[in-house]
Every structure is written in structure tokens, then in C-alpha cells.
Amino acid sequence: MVNTEWNGEPCKARRITAIVADDGRFPAYWARHLVDTRRNIVQVEYGGETFYLDDEDGSGWHKVTHGGSPRWAHSNITIAPDSIQPRGQQLADPDKPCPHENFDATVDVNRITASDNDPTVVGYNADIKVNCADCGEPFRWTGAPAGASPREPMCSIDETELRAPLRPASADPDFGLGLPGFAVNYRHPKES
């Protein structure tokens with residue numbers, strides 16, 4: 001599950017589709033030409049209110065998954081409330097597999113310090129997960145061994161999280177290479 005925020009505080013957000021409605025409060029409503037069309041939307045629940053962001057270009061979801069601050073642009077949109085559908089529901093045949101056309105990625109960058117008592121940064125690591133935005137299925141990393149290493153990308157045991165060491169472009173090439181790591185080895189029982 002992806003963490004979502006509005007103004008730096010936790011909020012509930014989900015990707016939906018909905019029919020655009022007119023908004024008579026604004027004479028120059030930006031989406032008036034889209035009224036009565038179905039569009040990708042992000043529904044946000046925050047501070048006891050529910051509001052909607054246009055997400056046709058991914059900007060609405062980007063905003064709520066990157067802190068929800070004014071730093072990220074968004075476009076509020078008015079919808080017909082009875083037209084809300086989950087994003088993946090537009091599949092014509094529920095017996096067919098999801099085509100995996102839209103994706104969510106989360107990247108957590110970790111600063112690795114010398115110890116709990118020594119805040120000196122000795123390395124960085126990025127943990128990367130990718131899910132289908134429509135059905136939620138996690139994607140698995142191919143070809144990466146399980147474990148963690150300061151020298152090479154590795155993945156979690158279930159292959160859904162890539163653990164990749166990284167360094168600032170200005171750092172020496174051996175930055176962070178003295179850190180310990182671990183590997184998971186798979187053993188198959190011998191056949192008799």
C-alpha cells in the first residue's frame with residue numbers, strides 16, 4: 001500500500017475514474033469542455049472533506065504520493081458522485097487478466113550512518129517497489145539475487161523490492177563499499 005499525504009499529513013487517496021461535472025461556482029472552470037466525459041481522477045479524503053484531482057496525466061497521484069505540498073501542481077475537478085468506479089473496473093471481461101498498463105512505484109532512499117551514536121553518513125540505499133496501479137499486483141525484480149549489498153543491487157526474498165546502493169555524483173567511486181551486506185542462498189535437495 002502506498003502512503004498518501006496532503007500538505008505533508010496522512011490522507012486517504014485512491015485512483016478512480018468518474019464522469020466530469022460542471023462547476024457553476026467558476027465562470028472560467030478549466031474542465032468545462034470535459035463535462036460528461038469519463039476521466040482518471042484521484043479521490044482525496046483529508047480534514048473531514050472529500051475532493052477530487054484530475055489524474056489524466058498522473059499529476060494528481062504524483063502529488064499525493066510526494067507529500068501533497070504546493071510544490072506539486074494539481075487541478076481540482078468536479079465529478080458526478082454516482083459515476084465513481086475503481087480504476088481497474090473498466091475491464092470489459094473480469095475473467096481476463098489485467099493488462100498492467102498503469103504503474104505505481106515507491107522509492108525509499110535510506111541514509112546509512114556509522115552507528116546509532118555516530119550520525120556520519122557512510123552510504124545510501126534505495127528500496128524500490130513497483131505495483132500495477134489498476135489491480136495492485138506487485139512486480140518482481142528479475143535477475144537480482146536476494147539479499148543486501150553495498151556493491152550491487154539485490155532484492156528481497158519475495159523479489160518485490162529492489163535494494164540498490166547509490167552515491168552522490170560528487171562522491172568517490174568507492175563511497176559506501178566498506179559496508180557489510182548479506183546474501184540468501186537457495187539450496188535444492190539432492191535427488192537420489
Side-chain angles (χ1 to χ4, degrees), residues 1-15 42-51 53-55 57-76 87 100-190:
M1 180 68 83
V2 176
N3 291 331
T4 54
E5 296 179 319
W6 191 258
N7 292 330
E9 297 180 342
C11 72
K12 290 175 89 177
R14 68 179 181 137
R15 290 174 150 184
V42 173
Q43 179 180 358
V44 180
E45 294 177 24
Y46 173 76
E49 294 183 31
T50 300
F51 52 95
L53 309 177
D54 184 60
D55 196 44
D57 62 357
S59 62
W61 191 247
H62 184 84
K63 182 171 183 95
V64 297
T65 57
H66 289 81
S69 76
R71 175 179 178 191
W72 305 108
H74 71 279
S75 299
N76 286 26
R87 196 71 69 87
H100 303 310
E101 295 176 335
N102 300 294
F103 306 95
D104 286 330
T106 57
V107 179
D108 293 319
V109 178
N110 307 293
R111 296 174 45 168
I112 303 168
T113 58
S115 71
D116 289 341
N117 298 325
D118 183 355
T120 304
V121 176
V122 296
Y124 297 89
N125 187 58
D127 299 333
I128 306 166
K129 290 185 173 187
V130 177
N131 290 31
C132 176
D134 296 321
C135 72
E137 182 176 357
F139 275 64
R140 298 185 188 276
W141 296 95
T142 304
S149 170
R151 290 179 172 70
E152 65 182 343
M154 299 183 91
C155 68
S156 58
I157 293 273
D158 64 1
E159 300 176 328
T160 60
E161 180 179 81
L162 183 69
R163 300 168 177 163
L166 66 159
R167 62 182 166 84
S170 60
D172 290 331
D174 62 350
F175 179 81
L177 293 182
L179 296 171
F182 71 91
V184 177
N185 295 317
Y186 299 99
R187 293 188 183 166
H188 297 286
K190 293 183 179 182

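Note that the structure is a prediction, hence the values are computed from the model and not measured. Heavy atoms only: backbone and side chains are in, while hydrogens, waters and symmetry mates are out.
Note on residues 145-167: no pairs pass ring-ring contact (aromatic ring centres under 6.0 Å, His included), not counting sequence neighbours. Within the structure, the ring-ring contact (aromatic ring centres under 6.0 Å, His included) test picks out the following pairs touching residues 138-162 (sequence neighbours left out): H100-F139, F103-F139.
The CZ atom of R111 sits 5.5 Å away from the OH atom of Y124 when rounded to the nearest 0.5 Å.
Using cut-offs of 30° and 60° for the angle between ring planes, the H74 and W6 rings count as perpendicular.
At distances below 3.5 Å, not a single donor-acceptor pair connects side-chain atoms of S75 with backbone N or O atoms of D54. The main-chain N or O of H66 is found under 3.5 Å from a side-chain atom of W72 such that the two form a donor-acceptor pair. In this structure, D158 contributes its side chain and T160 its backbone to a donor-acceptor pair below 3.5 Å. Between the S59 side chain and the D55 main chain, no donor and acceptor come within less than 3.5 Å of each other.
In this structure, the salt bridge (charged side-chain N to carboxylate O under 4.0 Å, His left out) partners of E161, at least two apart in sequence or on a different chain, are R163.
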Between T50 and Q43, does a side chain to side chain contact (heavy atoms under 4.5 Å, CB included) hold up when you go through it step by step?
-> CA-CA 7 Å; T50 300; Q43 179 180 358; 3.6 Å; yes

Can N117 and S115 be said to form a side chain to side chain donor-acceptor pair (under 3.5 Å), step by step?
-> CA-CA 5 Å; N117 298 325; S115 71; 5.2 Å; no

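Taking both residues in full, the closest heavy atoms of A171 and R167 are given as O-NH1, 3.2 Å, listed atom of the first, atom of the second, then distance. When all heavy atoms of A144 and C155 are compared, the pair lying nearest together is O-SG, 3.2 Å.
Side-chain N/O atoms of N125 and D127 include a donor and acceptor closer than 3.5 Å. Judged by distance alone, the side chains of T120 and D118 do bring a donor and an acceptor atom under 3.5 Å apart.
We find that K129 and D104 are not joined by a salt bridge, their nearest charged nitrogen and carboxylate oxygen being 4.0 Å or further apart.
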